[in-house]
Amino acid sequence: MGWYDELKAKFILDFVEKDRWRFITNGLQTTLIVTLGALIVGLIIGIFIAIIRTAHDQIGRKELRGPGGLALRFLNMLAKIYLTVIRGTPTLVQLLLLFFLFLVDWDNKISVAIAAFGINSGAYEAEIFRAGIMSIDKGQMEAGRSLGLGYAKTMQKIILPQAIKDTLPALVNEIITLLKETSICGYIGLNELTRGGDIIRGTTFDPMLPLLTVAAIYLVIVMFFTWIMGKLERRLRESDRR
């Protein structure tokens, strides 16, 4: 039997027989759902934490002495604890803690994974957004306030759009990292893309085709995100020139 016939036989065994290709497609669907859900959760947490941290750093000490200032200082302290704990512990440990301890009553494993990766990604996105916000000239905040806009409106209308544009490459890198980190979902019994390939490997005892297929799918998705980032950066550069 030649190499072509052997490869064809392995392909049929790995993917065609008993519709084993469904492990890959179903796993890919789960991976994309977890990634998208965690991205949304992470963006919400990241923007919220970034605004708290930057507001605390930008407001003067005298303003922090009032009731609102005390609340902001308390929120900033909680944000620092959150960032320290999440960035200082492995993602896998956080996932296991949520699944076996904090969210043990949740029956939906996908929602547990979304919560775990969203909380984890939110810590990194918070620092990305904070760096973007702090890079915007303080005069723009003052200009917005002088026009009668409140802090929240100025942040929403003027500061955040510019910060997001400046942090776009770092955000895309975080999305790519998030996508690849979902490969550990198998530790809580979630059949995502990597586990789907591993199930085929364990059934057919052929590691080559299933794992190479999984790697190729991840690579294609990452290349797609990279292409999208390139398109967005070019459009943003063109809009800046106008």
Which side-chain N or O atoms in residues 98-109 pair as donor and acceptor under 3.5 Å with protein atoms at least two apart or in another chain?
{"from": "N108", "atom 1": "OD1", "to": "I110", "atom 2": "N", "distance (Å)": "2.9"}
{"from": "N108", "atom 1": "OD1", "to": "S111", "atom 2": "N", "distance (Å)": "3.3"}
{"from": "K109", "atom 1": "NZ", "to": "I188", "atom 2": "O", "distance (Å)": "3.4"}

Do any side-chain atoms of residues 36-51 form donor-acceptor pairs under 3.5 angstrom with protein atoms, and if so which ones, sequence neighbours left out?
none

With a 3.5 Å cut-off and sequence neighbours excluded, list the donor-acceptor pairs that the side chains of residues 167-180 form with protein atoms.
{"from": "T167", "atom 1": "OG1", "to": "A163", "atom 2": "O", "distance (Å)": "2.9"}
{"from": "T167", "atom 1": "OG1", "to": "I164", "atom 2": "O", "distance (Å)": "3.3"}
{"from": "N173", "atom 1": "ND2", "to": "P169", "atom 2": "O", "distance (Å)": "3.3"}
{"from": "E174", "atom 1": "OE2", "to": "S121", "atom 2": "OG", "distance (Å)": "3.0"}
{"from": "T177", "atom 1": "OG1", "to": "N173", "atom 2": "O", "distance (Å)": "3.0"}

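Taking CG of L95 as the start and OH of Y187 as the end, the distance is 10.5 Å to the nearest 0.5 Å. The distance from the CD1 atom of I114 to the CD1 atom of I33 is 7.5 Å, given to the nearest 0.5 Å. Between the CD1 atom in I159 and the OG1 atom in T54 there is a gap of 9.5 Å [rounded to 0.5 Å].
Under the 4.5 Å side-chain heavy-atom criterion for ILVMFWY residues, a single connected hydrophobic cluster contains both I86 and V93.
Partners of R195 by salt bridge (Lys or Arg N to Asp or Glu O under 4.0 Å), not counting sequence neighbours: none found. Residues satisfying the side-chain contact (heavy atoms from CB on, under 4.5 Å) criterion with K80, sequence neighbours excluded, are R53, N76. With sequence neighbours left out, the side-chain contact (heavy atoms from CB on, under 4.5 Å) criterion links I81 to M77, V85. Scanning for side-chain contact (heavy atoms from CB on, under 4.5 Å) contacts around S135 gives D166, with sequence neighbours left out. Under the rule for a side chain to side chain donor-acceptor pair (under 3.5 Å), Y124 has no partner lying at least two apart in sequence or in another chain. Legend: residues meeting side-chain contact (heavy atoms from CB on, under 4.5 Å) with I228, ordered by chain and number and at least two apart, are F224, L232. With sequence neighbours excluded, the residues satisfying side chain to side chain donor-acceptor pair (under 3.5 Å) with Q94 are T89, N120.
Between the E127 side chain and the A123 main chain, no donor and acceptor come within less than 3.5 Å of each other. Distance alone, capped at 3.5 Å, places no donor-acceptor pair between the D198 side chain and the T194 backbone.
The two residues I217 and I24 make their nearest non-hydrogen contact at CD1-CG2, 3.5 Å. In plain terms, the two heavy atoms of L13 and T204 that are nearest each other are O-CG2, 3.6 Å. Considering all non-hydrogen atoms of both residues, P210 and D14 come closest at CD-OD2, 3.6 Å. Between V34 and A113 the shortest heavy-atom distance is CG1-CB, 4.0 Å.
The hydrophobic cluster analysis finds L211 isolated: no Ile, Leu, Val, Met, Phe, Trp or Tyr side chain comes under 4.5 Å of it, directly or through other members.
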What do the steps show when you test I12 against R20 for side-chain contact (heavy atoms from CB on, under 4.5 Å), and what is the final call? CA-CA 9 Å; I12 293 174; R20 292 192 180 101; over 6 Å; no
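Pairs passing the ring pair (Phe, Tyr, Trp, His ring centres under 6.0 Å) check and including a residue from residues 5-34, sequence neighbours excluded, read F11-F15.
Applying the side-chain contact (heavy atoms from CB on, under 4.5 Å) test between N191 and each of T31, I199, N26, T30 identifies I199 as the sole match.
With no hydrogens or angles considered, no side-chain donor-acceptor pair links Y218 and S183 at under 3.5 Å.
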